[in-house]
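See structure below.
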Amino acid sequence: MASELTLSDVRAIHELPLPELLFRAHEVHRAHHAADEVQLCTLLSVKTGGCAEDCAYCPQSSHYETPVSAEKSLAVPEVLEAASRAHAAGATRFCMGAAWREVKDGPAFDNVLDMVRGVRALGMEACVTLGMLNDDQARRLKDAGLTAYNHNLDTSRKHYGSIITTRTYDDRLSTLARVRQAGITVCSGGIIGMGESVDDRCDMLRTLATLEPQPESVPINTLVASEGTPLANLPPVDPLELVRMIATARILMPKSRVRLSAGRLSLSREAQVLCFFAGANSIFYGEKLLTTGNPDVDADRALLETAGLRAAPADGEVRS
Ligand code: SAM
Ligand code: DTB
Ligand code: SF4
């Protein structure tokens with residue numbers, strides 16, 4: 001995608017009549033991906049709660065009174081047991097999240113490196129999301145075999161200041177540049193339903209699509225309105241707005257894996273199938289995201305089966 005992509009270019013795509021938008025997105029999807037495959041990715045919070053950042057959507061921020069309390073980091077063996085169970089259930093990617101503002105050198109980070117090595121040894125892709133990091137930490141993650149680093153832009157530059165004040169949009173972009181520089185693939189997306197305008201949504205997609213190269217992975221989350229956070233009482237997103245967001249992301253970033261991420265518990269099967277048609281080709285798989293719920297494994301297996309879709313094989317595995 002050309003770097004001169006403008007907000008009005010993105011709006012023009014986003015505002016297409018929905019059938020036309022879906023048609024174009026699906027065409028792009030089929031040209032670049034096996035359109036019947038959905039990657040199953042399991043999440044685990046390896047350090048929950050007590051986070052110093054003030055992200056207005058997040059139940060793990062210590063700035064708000066939420067039902068999530070600060071816990072100790074998980075030990076390496078329990079994380080690898082969870083990864084192994086996820087693998088046995090069919091997940092090919094394991095993503096570990098920590099409620100950190102940034103990575104700090106020391107035993108907790110050394111443990112994360114061991115977790116990454118262990119997940120890779122199971123034959124799974126390993127992704128972590130640990131907040132900001134420096135060049136040396138990015139290099140050590142790469143050396144441990146990390147596949148991807150998740151760090152979301154979350155929203156547009158304009159809307160960002162009303163969601164997070166404890167770090168800037170440019171901090172986020174520099175972290176992404178460090179990850180890229182270290183040779184780790186980039187996972188970056190955002191959240192809809194945080195009171196942003198359609199322009200904000202489109203501008204976030206514009207920023208993601210003009211990164212060079214584009215992120216390999218783009219999670220699109222719907223706000224999980226969490227008790228105690230400043231965004232707890234926002235109205236739910238119309239699922240068709242999510243479909244538009246996914247279709248627009250697919251058209252702008254043809255090769256990226258677009259992930260239908262948080263918020264699926266509020267989506268009908270029909271809405272999820274429309275998201276897959278629009279180009280989403282990954283879901284979080286397992287009863288829990290980081291601290292909130294997600295459809296259970298049986299429901300997701302049944303959804304894929306009913307829709308005639310299949311779990312994507314691990315890289316290098318032959319389709320059966
Ligand atoms: N602390 C690290 C960071 O923020 O980079 C990593 C973990 S953080 C929980 C990862 C991402 O989860 C956030 O960037 C945000 O996009 C998403 N997220 C967190 N809470 C959410 C919520 N209530 N609803 C939807 N997405 C959420
Ligand atoms: C992403 O974009 N969504 C995931 C993952 N990256 C780390 C996290 C969703 C968290 C939803 C709220 C929770 O469960 O705490
Ligand atoms: Fe902390 Fe990440 Fe939650 Fe922000 S999104 S409060 S950085 S855990």
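Note that the structure is predicted; figures quoted are calculated from it, not measured. Counting starts at 1 for both ligands and their atoms, following the listed order.
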Please state whether the rings of His26 and Phe277 are parallel, tilted or perpendicular, taking 30° and 60° as the class boundaries.
parallel
Minimum-distance protein heavy atom relative to atom 11 (C) of ligand 1
Asn152 ND2, 3.7 Å
side-chain contact (heavy atoms from CB on, under 4.5 Å) between Leu252 and Arg206, intermediate numbers included
CA-CA 8 Å; Leu252 294 174; Arg206 190 193 56 75; 5.9 Å; no
closest protein heavy atom to atom 13 (C) of ligand 1 is Tyr57 OH, 3.6 Å
Group every Ile, Leu, Val, Met, Phe, Trp and Tyr by side-chain heavy-atom contacts under 4.5 Å, then state whether Leu289 and Leu265 land in the same group.
no
Mark yes when over 12 heavy atoms from residues, nucleotides or ligands other than Asn233 sit less than 6.0 Å from its CG; otherwise mark no.
no
Under 4.0 Å between heavy atoms, the region of Cys55 that gets near ligand 1 turns out to be neither
Judged by non-hydrogen atoms, does Leu43 sit under 4.0 Å from ligand 2?
yes
Under a 4.0 Å heavy-atom limit, does Met96 contact ligand 1 with its side chain, its backbone, both, or neither?
neither
Does the protein come close to atom 3 (Fe) of ligand 3 - that is, does one of its heavy atoms sit below 4.0 Å from that atom?
yes
Out of curiosity, Met96 CE to Leu44 CG, how far, rounded to the nearest 0.5 Å?
8.0 Å
Can you tell me which residue and heavy atom of the protein come closest to atom 1 (Fe) of ligand 3, and the distance to 0.1 Å?
Cys51 SG, 2.3 Å
At a 4.0 Å cut-off, with the gap strictly under it, does some heavy atom of His63 reach an atom of ligand 3?
no
Contact between Arg167 and ligand 1, counting heavy atoms under 4.0 Å?
yes
Atoms in ligand 1 with a heavy atom of Gly131 nearer than 4.0 Å
2 (C), 5 (O)
Applying a heavy-atom cut-off of 4.0 Å, say which part of Val224 lies close to ligand 1: side chain, backbone, both or neither.
both
Donor-acceptor pair, side chain of Asp200 and main chain of Ser197, under 3.5 angstrom
yes
Could you tell me whether the side chains of Asn221 and Tyr57 share a donor-acceptor contact shorter than 3.5 Å?
no
Given Tyr149, which partner from the list Leu176, Leu141, Thr185, Thr129 fulfils the side-chain contact (heavy atoms from CB on, under 4.5 Å) test?
Leu141
Cluster question for you: counting only ILVMFWY and a side-chain heavy-atom cut-off of under 4.5 Å, with indirect links fine, are Ile246 and Leu21 together?
yes
Could you walk me through whether Val116 and Leu113 pass side-chain contact (heavy atoms from CB on, under 4.5 Å), step by step?
CA-CA 5 Å; Val116 169; Leu113 296 172; 5.6 Å; no
Specify side chain, backbone, both or neither for Lys47, according to which of its non-hydrogen atoms lie closer than 4.0 Å to ligand 3.
neither
Shortest non-hydrogen contact from His63 to Cys51?
CD2-O, 4.3 Å
Which of the numbered atoms in ligand 2 are below 4.0 angstrom from a heavy atom of Asn152?
1 (C), 2 (O)
Which residue supplies the protein heavy atom nearest to atom 12 (C) of ligand 2, what is that atom called, and how far is it?
Thr292 OG1, 3.6 Å
The closest protein heavy-atom partner of atom 15 (O) of ligand 2 is Thr291 OG1, 2.6 Å
To the nearest 0.5 Å, what is the distance between OG on Ser156 and CD on Glu196?
8.0 Å
Is there a donor in the side chain of Glu102 and an acceptor in the side chain of Gln137, or the other way round, less than 3.5 Å apart?
no
Could you tell me, atom by atom, which parts of ligand 3 come under 4.0 Å of a heavy atom of Ala99?
8 (S)
Name the closest protein heavy atom to atom 8 (C) of ligand 2, giving the residue it belongs to and the distance to 0.1 Å.
Leu290 CD1, 3.8 Å
Students should be able to answer this: which protein heavy-atom is nearest to atom 3 (N) of ligand 2, and at what distance?
Asn221 OD1, 2.9 Å
With heavy atoms of Ser226 as the reference, note each atom of ligand 1 found under 4.0 Å away.
23 (N)
Mind running side-chain contact (heavy atoms from CB on, under 4.5 Å) on Arg259 and Arg93 for me, showing each step along the way?
CA-CA 12 Å; Arg259 302 184 190 271; Arg93 181 163 167 127; 3.1 Å; yes
Return the residue, atom name and 0.1 Å-rounded distance of the protein heavy atom closest to atom 26 (N) of ligand 1.
Ile191 CD1, 3.5 Å
Atoms in ligand 2 flagged as close to Thr129, the criterion being non-hydrogen separation under 4.0 Å:
7 (C)
Quick one: pull up OG in Ser188 and CG in Leu208 and give me the separation to the nearest 0.5 Å.
5.0 Å
Under 4.0 Å from any heavy atom of Cys58, which atoms of ligand 3 are there?
3 (Fe), 5 (S), 6 (S), 8 (S)
For Met124 and Ala83, work out which heavy atoms get closest and say how close.
SD-O, 3.6 Å
Counting heavy atoms only, which part of Leu290 comes closer than 4.0 Å to ligand 1: side chain, backbone, both or neither?
side chain
Applying side-chain contact (heavy atoms from CB on, under 4.5 Å) between Leu267 and each of Leu260, Thr222, Val237, Val243, report the one that passes.
Leu260
Checking side-chain polar atoms at under 3.5 Å, does Thr48 have a donor or acceptor matched by the opposite partner on Ser45?
yes
Indicate if the distance from atom 4 (Fe) of ligand 3 to the nearest N, O or S atom of Cys55 falls below 2.8 Å.
yes
Minimum-distance protein heavy atom relative to atom 6 (C) of ligand 1
Thr129 OG1, 3.0 Å
Under 4.0 angstrom from ligand 1, any heavy atom of Ala98?
yes
Does the side-chain contact (heavy atoms from CB on, under 4.5 Å) test come out yes or no for Asp54 and Ile164, once each step is laid out?
CA-CA 6 Å; Asp54 68 353; Ile164 302 161; 3.7 Å; yes
Thr222 to ligand 1, any heavy atom closer than 4.0 Å:
yes
Residue, atom and distance of the protein heavy atom nearest atom 6 (N) of ligand 2 read Asn150 OD1, 3.4 Å
Protein contact to atom 3 (C) of ligand 1 [nearest heavy atom, distance to 0.1 Å]
Arg172 NH2, 3.7 Å
For ligand 3, which atoms have a heavy atom of Ser61 less than 4.0 angstrom away?
6 (S)
Protein contact to atom 16 (O) of ligand 1 [nearest heavy atom, distance to 0.1 Å]
Asp154 OD1, 2.7 Å
Can you sort out which atoms of ligand 3 are near Arg167, meaning under 4.0 Å from one of its heavy atoms?
4 (Fe), 7 (S)
Counting non-hydrogen protein atoms only, what is the nearest one to atom 4 (C) of ligand 2? Give residue, atom name and distance.
Phe284 CE1, 3.7 Å
Indicate, as side chain, backbone, both or neither, the part of His151 found under 4.0 angstrom from ligand 1 when only non-hydrogen atoms are considered.
side chain
Within the 4.0 Å heavy-atom cut-off, what Val68 brings close to ligand 2 is neither
Indicate, with yes or no, if Val297 and Leu309 share a hydrophobic cluster defined by side-chain heavy-atom contacts under 4.5 Å among Ile, Leu, Val, Met, Phe, Trp and Tyr.
yes
Using a 4.0 Å cut-off to any heavy atom of Pro219, which atoms of ligand 2 qualify?
2 (O)
